[in-house]
Structures are given as C-alpha cells and as structure tokens.
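What follows is one structure encoded as structure tokens, with my remarks underneath.
Ligands are counted one by one from 1 in listed order, and the atoms in each one are counted from 1 as well.
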Amino acid sequence: MSAPTEPRLPLTGVRVLEFTHMVMGPTCGMVLADLGAEVIKVEPPGGDKTRDLPGLGIGFFRSFNRNKKSVVIDIATEEGRATAAELAGTCDVVLENFRPGLMASFGLDYATLSARFPRLIYVTHKGFMPGPYENRLALDEVVQMMGGLSYMTGPVGRPLRAGTSVNDIMGGMFGAIGVLAALRERDFTGRGQEIQSALFENCVFLAAQHMQQYAMTGEAPPPMPSRVSAWSVYDVFTLAGGEQLFIGAVSDKQFLTLCRVIEAPELAADPALATNALRVAVRPELLHKLGAILQHHRVQDLAPRLEAAGIPYAPIVRPDQLMDDPHLQASGGLVPMQTDDGGTTDVVLLPLRMDGRRPGVRRPLPRVGEHTEEILAGLARHVPA
Ligand SMILES: CC(C)(COP(=O)(O)OP(=O)(O)OC[C@H]1O[C@@H](n2cnc3c(N)ncnc32)[C@H](O)[C@@H]1OP(=O)(O)O)[C@@H](O)C(=O)NCCC(=O)NCCSC(=O)C(=O)O
C-alpha cells in the first residue's frame, strides 16, 4: 500500500489476483500494481519458474513483478484450488496466462468463477484469440514470425525478431486497458466481464499499417532495409571513424536545414530534390550522396548541430548504456528497487506521467510466498461462515 504521505494512486482499492508467469500476464499485473491496485501473485510451491530463467530471461521476474504481493497456493491440489477460488471472490480482477484450457481444468476459469462472483473481471492472455489457432501454444517469437513483423524486420531472406518481446509486453498492456474499461463498465452494469488478450492479435495490430499499405497499393510491402520509407532521409549513416547515427529529415524544411548543417548547398538547390515525393523517388542516389558527405563528419560535432537546428537524430545505444543515460536518470524513469534477495537494482518505470508524477516503486520485490499468511488470514474474514 502507499505510504500515508504519498498521493492516492488511481487504482487504490482495486484488488487483483494473478496466476501468471513469463512476461505477458505479469506485465498486465504490474501496470495495474504501479497504478495503485493491490496485486496478489499466486505462485506454485517453490515459486514461479520465471524467477530462475537463464540468459535473456534472467531479468524477467524483476522487470515485470514489482509492487506485487506473493502468495503460495498449490492449485494442482483440490484444497489449493478451493482457496484460490475463495480468494478470487475477494478480488475485482483475476489475470492468467497459462496454456489454453489449464485454468478451466482447475475450475478457475471465467465461466466457473463468474457464476459465483458475477462482478469479477477476468483477463486471459493467450497465444491466439478464439478461432482456428486457439489451442496452439505460442511464444513471442512464434507470433512475430506469423504476424508479419519478422518478415518486415528482414533483411530479405533472413527474418529477425524484434529486439524484445513486444507482443508479450503489449499483450499485458492491452489486458490492463481492458481491465480499466471493464471497471468503468461495471460501475454501470454491476457485472464483470472476460477480457481476452493474445500475442498473435497484438502482432497483427503492429503489422496493420503494412497490411493497409498493401490494401491501398496492391503491392506487398518489402522488408527492411529495402522497403521504401515514407520519407527520403530516414536512415542510419556511417560517419567518420565508423560511428553510426540515425538522421530523419521528414519535412521539406528539415531537408533544407540538413543541407545547410552538413554544408551541401548543391542538394538544397537541386529542383529534382524539391519535395519529399521527388526525393523518395530518387532515394538510393540521394542517400549515397548524403553518405559521401556525412562520412567526413564526426558524431560528436554533428549531433549538437543537428539538435540546435531541430533535426531528429539518434546515436545507436545499447541497453547497458541506457543505465547511465542522463535523460533517464534526470527524468526519474529509472529508480532503485529492493530485490527479493535483499539487494537493490534499478528498474524502469511505466512510460507514463500522471499529474507530473511517475507511478513508482512502493514495495520490495516479493519473496516467494512472502504474503501468504497475511492474505490467507484476510481471506478467513471474507469466507462466509
Ligand atoms: C507460454 C506457455 C507456452 C508455457 O508453457 P508451460 O511452461 O508448459 O506452462 P503451462 O502454461 O503449460 O503450464 C503451467 C504449469 O504450471 C503449473 N502451475 C502454475 N501455477 C501453479 C500453482 N500456483 N500451483 C501449482 N501449479 C501451478 C500448472 O499447473 C502447469 O503445470 P503442468 O500442467 O504440470 O505443466 C504457456 O503458458 C502459454 O501458452 N501461455 C499463454 C501465452 C503466453 O503467455 N505466452 C508467452 C510466453 S513468454 C514469451 O513469449 C517469451 O518470453 O518470448
């Protein structure tokens, strides 16, 4: 709960029970927790396996489970399932992201719980929404391949996944958006509802602009890097010493400004480059000319001049470098959190400011079952005699 001196958070008083692992379900719970909900994560005896993932998964638990409480309930037993169902009855929202059918086999699905607790809002996070693929298991990578994204990320012949689990994270966000809408709706109807969020549908939503491009032109959009950008200058250039810089000059004014900054008056004066449409038509030649000029500029000199002139630009930054990013440090987006082993780590907050404040970290990352006693003792008060 918030310390008494902190302002009230928007979801204070909303109680959430989550049966989740990996990324998608936990993200949904964390968004709600950060916004003030009391989020109770149900873990199996021994804890969520996500706590011990190696490699790329090592940061999952810490990244997506802050501000939650942890209870251990073994839902593989009848007694555990009965306790979990009673606990659900004390909550406004239940979240889950296990394989299709698992929660129904435990009698912890929406149909079963809503018959007892009609005000319950219940979010399922799956690979696919109802339809021909609904029983398939899915990982983020699976739907990036099936959902048009890996093809577009290219290059030709070598589909690549995006650098993070975009569909998992977006799936959790859309789950949370569904919860907010359903809470509002419940104020009027008195009833909860089932929210279904799915990886594949998320990915297709991300690919929608490319599908629309096809619908309007009749041509299949080619993958990066050969795809024709909407803008003529929108690329990564190699500067002096091999350093790379992204430069995007999307308006005619920005193109002329860029020509001035890099001292290329002949490009600014060329009538064949006078509009974005003309420049896009000769993009490869234009990029070649710009590249030949830019290779003589140094990033450290050019970047401040681009900034002063109002040209969007970006160095290519690695995640480890972000830990020291001065903007991130100063804007309060990276804050310390006490970890479940008693240490401290810096975590990234929700990309959201509300009334000038970033929803922050209010409690240490929970140890496995840290709140079992507290929560189940509270449950006894709720269970009718
Ligand atoms: C991701 C999965 C394919 C992972 O499969 P699995 O690891 O085999 O998990 P499953 O969901 O099949 O099963 C979970 C098991 O945990 C057990 N379980 C879970 N909670 C409990 C508790 N509290 N008590 C006892 N047992 C428990 C449950 O009974 C199951 O046991 P058994 O029955 O004995 O097995 C699937 O969970 C899934 O389809 N989820 C929905 C889509 C999703 O979230 N995908 C994103 C994944 S992450 C990702 O994409 C990425 O990182 O990239």
Side-chain angles (χ1 to χ4, degrees), residues 17-30 40-65 68-88 94-110 122-131 133-147 149-150 160-176 195-203 206 366 368-372 375-376:
L17 188 63
E18 88 166 49
F19 301 88
T20 69
H21 63 165
M22 310 282 234
V23 175
M24 187 160 47
T27 301
C28 181
M30 187 179 75
I40 303 162
K41 185 180 182 85
V42 177
E43 300 193 57
D48 177 358
K49 280 184 283 184
T50 315
R51 288 179 181 266
D52 299 314
L53 289 177
L56 268 180
I58 196 171
F60 280 4
F61 194 86
R62 289 182 177 187
S63 300
F64 303 114
N65 290 286
K68 299 179 187 176
K69 296 177 179 176
S70 164
V71 301
V72 167
I73 302 176
D74 186 354
I75 58 173
T77 67
E78 207 165 304
E79 192 194 345
R81 291 195 284 276
T83 304
E86 292 301 335
L87 195 51
V94 167
L95 315 175
E96 69 99 356
N97 76 316
F98 293 123
R99 69 173 179 268
L102 185 79
M103 293 301 270
S105 74
F106 289 156
L108 293 171
D109 57 321
Y110 178 65
Y122 190 108
V123 188
T124 67
H125 296 90
K126 299 290 167 221
F128 304 90
M129 287 190 186
Y133 304 155
E134 69 187 46
N135 289 319
R136 289 195 201 175
L137 298 188
L139 302 169
D140 203 284
E141 196 135 349
V142 167
V143 305
Q144 288 196 31
M145 299 293 160
M146 292 175 67
L149 203 58
S150 298
L160 289 176
R161 65 162 285 165
T164 190
S165 297
V166 283
N167 304 290
D168 272 315
I169 294 169
M170 211 167 95
M173 285 165 49
F174 269 94
I195 313 288
Q196 293 174 295
S197 171
L199 293 170
F200 177 70
E201 276 74 8
N202 269 301
C203 196
L206 290 174
V368 179
E370 186 180 338
H371 306 93
T372 306
I375 298 293
L376 296 191

What protein heavy atom lies closest to [atom]? Include the residue and the distance to one decimal.
atom: atom 28 (C) of ligand 1; result: L102 CD2, 3.5 Å
atom: atom 22 (C) of ligand 1; result: I75 CG1, 3.3 Å
atom: atom 25 (C) of ligand 1; result: D74 OD1, 3.3 Å
atom: atom 44 (O) of ligand 1; result: N97 ND2, 3.0 Å
atom: atom 8 (O) of ligand 1; result: R99 NH1, 4.6 Å
atom: atom 45 (N) of ligand 1; result: A138 O, 3.2 Å
atom: atom 43 (C) of ligand 1; result: M24 CE, 3.7 Å
atom: atom 4 (C) of ligand 1; result: H21 CE1, 3.8 Å

Any non-hydrogen side-chain atom of [X] less than 4.5 Å from a side-chain atom of [Y]?
X: E201; Y: F174; answer: no
X: E18; Y: N65; answer: yes
X: E96; Y: K126; answer: yes
X: H371; Y: I40; answer: no
X: N97; Y: P26; answer: yes
X: T27; Y: D168; answer: no
X: P366; Y: K69; answer: no
X: H125; Y: M22; answer: no

List ligand 1 atoms under 4.0 Å from [X], heavy atoms only on the residue side.
X: A76; answer: 25 (C)
X: M22; answer: 48 (S)
X: L137; answer: 39 (O)
X: F60; answer: 52 (O)
X: D140; answer: 49 (C), 50 (O), 53 (O)
X: E43; answer: 23 (N)
X: I73; answer: 22 (C), 23 (N), 24 (N)

inquiry  = Which label fits F128 and F200: parallel for a plane angle under 30°, tilted from 30 to 60°, or perpendicular past 60°?
reply    =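 The arrangement is tilted - the two ring planes meet at 30° to 60°.
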Keeping [X] on the side-chain end and [Y] on the backbone end, is there a donor-acceptor pair under 3.5 Å?
X: E134; Y: G131; answer: yes
X: S70; Y: V368; answer: no
X: D74; Y: P45; answer: no
X: E43; Y: D48; answer: yes

Any non-hydrogen protein atom below 4.0 Å of [atom]?
atom: atom 53 (O) of ligand 1; result: yes
atom: atom 14 (C) of ligand 1; result: yes
atom: atom 40 (N) of ligand 1; result: yes
atom: atom 31 (O) of ligand 1; result: no
atom: atom 36 (C) of ligand 1; result: yes

inquiry  = Tell me the nearest of F200, F106, F98, F19 to atom 29 (O) of ligand 1, using heavy-atom distances.
reply    =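 Closest candidate by heavy-atom distance is F106.
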ask   = What do you reckon, is CD1 of I58 surrounded by more than 12 foreign heavy atoms closer than 6.0 Å?
value =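 It does not: I58 CD1 has 12 such atoms or fewer within range.
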message = With nothing but distance in play, are any N or O atoms of D168 less than 3.5 Å from an N or O of ligand 1?
response =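 N/O-N/O distance under 3.5 Å: yes.
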ask   = Taking non-hydrogen atoms only, is P44 closer than 4.0 angstrom to ligand 1 via side chain, backbone, both or neither?
value =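 Both parts.
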query = At a non-hydrogen distance cut-off of under 4.0 Å, which region of H125 contacts ligand 1 (side chain, backbone, both, or neither)?
reply =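 Looking at H125 and ligand 1, just backbone atoms fall under 4.0 Å.
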